[in-house]
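Structure record follows, encoded as structure tokens.
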Amino acid sequence: MEKQYDPSIVEDRWYAHWMERNYFRADENSSKQKYSIVIPPPNVTGVLHMGHALNNTLQDILIRHKRMKGFEVMWMPGTDHAGIATQNVVERRLAKENKNRHSLGRETFLKEVWKWKEEYHATITNQLKKLGSSCDWSRERFTMDEGLSLAVRKVFVQLYNEGLIYKGKYIINWCPRCQTALSDEEAEHKEIGSKLYHLRYPYADGSGYVVVATTRPETMLGDAAVAVNPADERYKALKQKKIRLPLANREIPFIEDNFVDREFGTGAVKVTPAHDPNDFGMGQRHNLEPIAVMDETAHMSGDIPEKYKGMDRFACRKALTEDLIALDLVEKIEEHTHSVGHCYRCHTVVEPYYSDQWFVRMKPLAEPALKAAVNDEVRFYPARWKKTYIDWMENIRDWCISRQIWWGHRIPVWYCGCGEIIVSEETPAACPKCLSSKLEQDNDVLDTWFSSWLWPFSTMGWPQENDFMKKFYPTDALATAPEILFFWVARMIMAGYHFTGKLPFTDVILHGTVRDKSGRKMSKSLGNSIDPLEIIPVYGADALRFSMFMITAQGADVFLGKDTFDIGRNFANKLWNASRFLISNIAEPISFDTLPPKERLKAEDSWILSKLQHAARAMDESISSFRFNEACHTIYDFAWREFCDWYLEAKKADFYQQDDLVRRNDALSLCGYALASILKLLHPIMPFITEEIWSHLRSKMSFENLLNSESIMLASYPEYDESLVNESIENKFDLLKNCITALRTIRAENNVPPDKTGTAVIIPADSESGQWLASQSAAISQFAKLSGITVDENARKPGFAGTAVVRGNQIFFSLEGLIDKNVEIERLTKEANRLKGLVESTKKRLESENFVSRAPADVIEKEREKYQGLLVNLEKTGKALSNLMNE
RNA sequence: GGGCGUUUAGCUCAGUUGGUAUAGAGCACCUGCCUUACAAGCAGGUGGUCGUAGGUUCGAAUCCUACAACGCCCACCA
């Protein structure tokens with residue numbers, strides 16, 4: 001074994017080995033209880049980033065943990081075609097060659113996108129493997145593969161037949177750059193500093209004007225009315241008047257509508273039914289014809305003055321405002337911040353656009369999905385997301401699912417010249433009504449999420465009945481970022497209930513966003529992202545995985561810097577060296593069936609076995625409740641602070657016992673047992689190094705029921721064993737460690753060099769402590785580098801010595817000429833003051849009538865014991881201090 | 001406008017149901033060590049009135065109220 005652990009050699013080798021052995025393969029015929037997860041399919045738009053690393057590591061931890069716990073696990077991998085996003089990146093690539101999708105034509109363009117898909121799909125798959133993801137690659141799916149496309153068509157037809165899909169002309173969010181409709185969720189609202197224009201609209205009879213306020217003056221060309229609140233007295237007289245719309249030079253009426261807020265602006269609002277969702281509503285209530293004045297690229301068009309035709313909407317805003325100013329029709333322009341929708345893919349300002357689109361009626365689908373959350377059948381981690389989910393479900397609106405792009409599932413609707421509309425899973429040969437074969441399929445494709453929402457079951461072969469789905473559906477956990485709670489999670493739950501009658505998963509784990517050290521979201525455009533593939537060769541996937549979860553509390557954002565991964569790398573290296581040390585001490589391969597019998601266990605053995613039980617339980621609980629940072633801390637502390645710092649150090653002496661082979665083998669086997677347990681506990685988080693060490697350990701040691709698994713992946717996860725818990729030994733060890741630390745502190749504070757040994761005297765507080773510490777005098781000598789130690793209640797204090805009091809036990813360290821009296825006086829004074837403070841506060845509490853009469857008896861008892869102990873320590877420390885000063 | 005989250009050491013953050021003599025890590029910093037597992041390491045140390053103000057309680061970082069700062073989500077007042 002090398003002196004430094006090098007993950008780059010090890011990791012790829014083990015992944016290939018696991019693949020070769022088919023360890024990731026899920027067996028639908030297994031009799032074991034199943035545990036299944038479907039991957040949130042990464043978009044094929046590009047390479048994976050740290051957010052994916054976080055997301056997939058989380059799932060891998062769960063999968064590996066459950067696999068070791070004896071479940072038949074299935075982790076379904078796959079990718080998403082990501083309609084608009086992928087089409088955009090491919091169009092951008094084409095633009096560099098001065099081509100565009102229209103010049104290529106639909107078919108050729110789609111071929112280009114498929115090429116892109118293949119390329120990035122390969123990269124993504126490779127990245128997931130580098131991370132160690134133990135998904136069942138034999139099941140891999142893509143949202144546009146044949147089976148999933150079939151599921152999409154089936155769902156569309158079913159919903160249509162159920163009356164839950166309809167087509168209609170409405171105001172929708174339109175991205176003028178992508179030139180497609182968007183759903184409400186795809187329009188991201190951002191606060192924007194803007195202007196509020198107060199425009200004068202003259203009455204048709206020339207008797208004056210009314211002032212209306214708008215943030216988008218260019219839409220005035222499409223105005224169909226001016227509306228006021230019916231209760232607004234100010235405008236009562238204007239009811240009969242008409243407005244002469246400036247520039248457009250049309251007459252428009254006054255209308256009254258309760259929607260209008262009397263308090264805002266002037267209380268009069270221009271109504272543009274074709275370009276504003278509220279105005280559209282008013283238009284419908286008052287039979288106003290929507291007048292479209294923009295085309296699909298948000299350039300001015302339609303029946304408007306020549307001058308503005310073809311102008312970009314923002315250019316027009318400027319030009320038109322200037323013209324109105326020239327006509328003295330602008331009362332004032334105010335600064336105004338408001339929230340404006342942006343395309344979630346290209347960040348262009350969304351235009352409300354009047355057009356013919358397909359929608360899903362959501363209310364009926366939401367009912368069971370809402371109930372599931374209210375009843376806690378589906379659980380959210382952290383739990384606070386439940387409320388967010390419920391709010392959204394309660395206020396759900398219809399879902400616009402048609403997209404005017406080419407990359408995606410084509411809408412399975414055909415139109416016949418006779419007016420017939422055919423909605424069908426299969427391409428119809430002829431119109432059922434007029435028998436014409438001249439049918440035209442709807443040009444639009446479906447929203448990407450219309451395939452994603454079926455993911456948990458479409459990937460399993462639905463709608464075909466099959467054993468695989470029977471075994472693994474519904475799944476168990478779903479891990480994702482909160483950003484797509486509505487886009488995806490909520491809709492999957494709705495689809496799950498509607499099409500399979502089942503909740504598709506029970507635990508929804510919402511993890512945070514990956515950010516840089518200054519809190520900015522990591523993104524390609526900001527140039528602040530860290531590429532997992534650059535980290536892995538240097539630090540290792542294990543280090544990447546461990547570091548990320550070590551520093552991240554459940555649901556909290558992850559802040560990554562270039563030094564973040566040191567934690568995991570250092571930990572891996574520590575583990576490597578401890579293992580190397582142990583394994584190198586095994587000269588001849590040793591074999592044993594069980595742990596040494598109880599009577600052969602030494603104190604430190606019982607102690608580490610007891611501590612191991614706590615660690616095992618904590619790991620299990622932390623992972624099962626998705627608190628991965630806790631799991632990392634638990635294993636880090638156990639492996640490093642307890643196993644390496646104390647246990648292995650304590651066992652060293654026994655390793656060199658060439659003349660007592662029983663003792664030597666006990667020491668090696670117990671260390672091997674503890675190490676193997678650590679490896680198993682850690683494996684879900686750091687799969688590679690644990691497998692590597694596991695194989696080294698197995699080459700030197702065989703242990704029935706412990707190391708019998710060829711791969712650690714398939715070994716059983718350590719179980720909490722109460723019979724090995726030993727609180728009294730843990731207590732004694734705390735005392736021992738505190739005594740050793742006290743001696744070390746004296747040495748360090750007095751700058752005693754490590755190569756100078758000294759002698760110690762311990763005057764124990766009682767005979768029990770005395771016996772225990774005396775039995776550990778060899779260990780104390782070793783850890784504190786002593787040449788001699790006396791533990792005796794009747795021992796005499798050494799003349800001049802460094803002093804400490806631990807739980808009433810007086811500890812003296814003496815080394816001629818190396819203990820600095822002033823240092824010691826300072827230390828002891830500080831200690832005495834600290835104790836005085838504690839004695840005071842404890843005394844106060846115990847003298848308080850309220851405390852003594854109201855606190856539970858055990859708390860009072862504990863407080864009394866604490867007080868007695870403090871008094872003893874204070875007294876002895878004080879005495880040591882005065883002795884020192886008098887010497 | 002509604003809702004949620006965060007505020008703890010110089011920095012980044014843990015702290016599960018209120019109670020373990022001293023509120024924990026990592027990094028940074030200081031001191032001493034290349035002690036034959038590990039300098040990516042070892043031993044020791046400095047550093048915190050737990051955002052502010054009240055309240056509940058025998059007891060509050062933890063529960064309640066108000067306030068402040070920052071962040072996020074949702075929302076059809078142009």
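Bear in mind the structure is a predicted one, so any value in this text is a computation, not a measurement. To find a chain, count down the sequence lines: A is the first, B the second, and so on, and within it residues start at 1. Atoms considered below: every heavy atom in the structure, side chains included; atoms not considered: hydrogens, waters and symmetry mates.
- A donor and an acceptor atom never sit less than 3.5 Å apart when one is taken from the side chain of A:Glu649 and the other from the base of B:A43.
- Heavy-atom contacts from other residues, nucleotides or ligands closer than 6.0 Å to NZ of A:Lys195 number 12 or fewer.
- If you check every strand for non-hydrogen atoms under 4.0 Å, A:Arg807 touches a base.
- Counting any heavy atom pair closer than 4.0 Å across all strands shown, A:Arg216 reaches no nucleic acid atom.
- Using a 4.0 Å heavy-atom cutoff across all strands shown, A:Gly869 reaches at least one base atom of the nucleic acid.
- Across all strands shown, A:Ala855 has heavy atoms under 4.0 Å from base atoms, whether or not it also approaches the sugar-phosphate.
- Of all the residues in residues 381-400 of chain A, A:Arg384, A:Lys387, A:Arg397 reach under 4.0 Å from RNA chain B with at least one non-hydrogen atom.
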Here RNA chain B, pairs taken as Watson-Crick or G-U under 3.5 Å and shown with ( ), [ ] when crossing and | when to another strand, reads (((((((..((((.....[....)))).(((((.......))))).....(((((..]....))))))))))))....

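- Checking A:Thr564, A:Val558, A:Leu560, A:Thr552 one by one against A:Ser547, the side chain to side chain contact (heavy atoms under 4.5 Å, CB included) holds for a single residue, A:Thr564.
- Annotation: cation-pi geometry not satisfied between A:Lys574 and A:Phe643 (NZ/CZ under 6.0 angstrom from ring centroid, within 45° of ring axis).
- Residue A:Lys521 is out of contact with every strand shown, counting any heavy-atom pair closer than 4.0 Å.
- Using a 4.0 Å heavy-atom cutoff across all strands shown, A:Ala553 reaches sugar-phosphate atoms only and no base atom.
- A:Thr741 comes within contact range of the sugar-phosphate backbone alone, with a heavy-atom separation under 4.0 Å but no base atom that close.
- Across the P atoms, B:U31 and B:G47 are found 16 Å apart, a figure rounded to whole Å.
- Within 4.0 Å (heavy atoms only), A:Arg641 reaches sugar-phosphate atoms of the nucleic acid but no base atom.
- Within 4.0 Å of A:Asp276, counting heavy atoms only, lies no atom of the nucleic acid at all.
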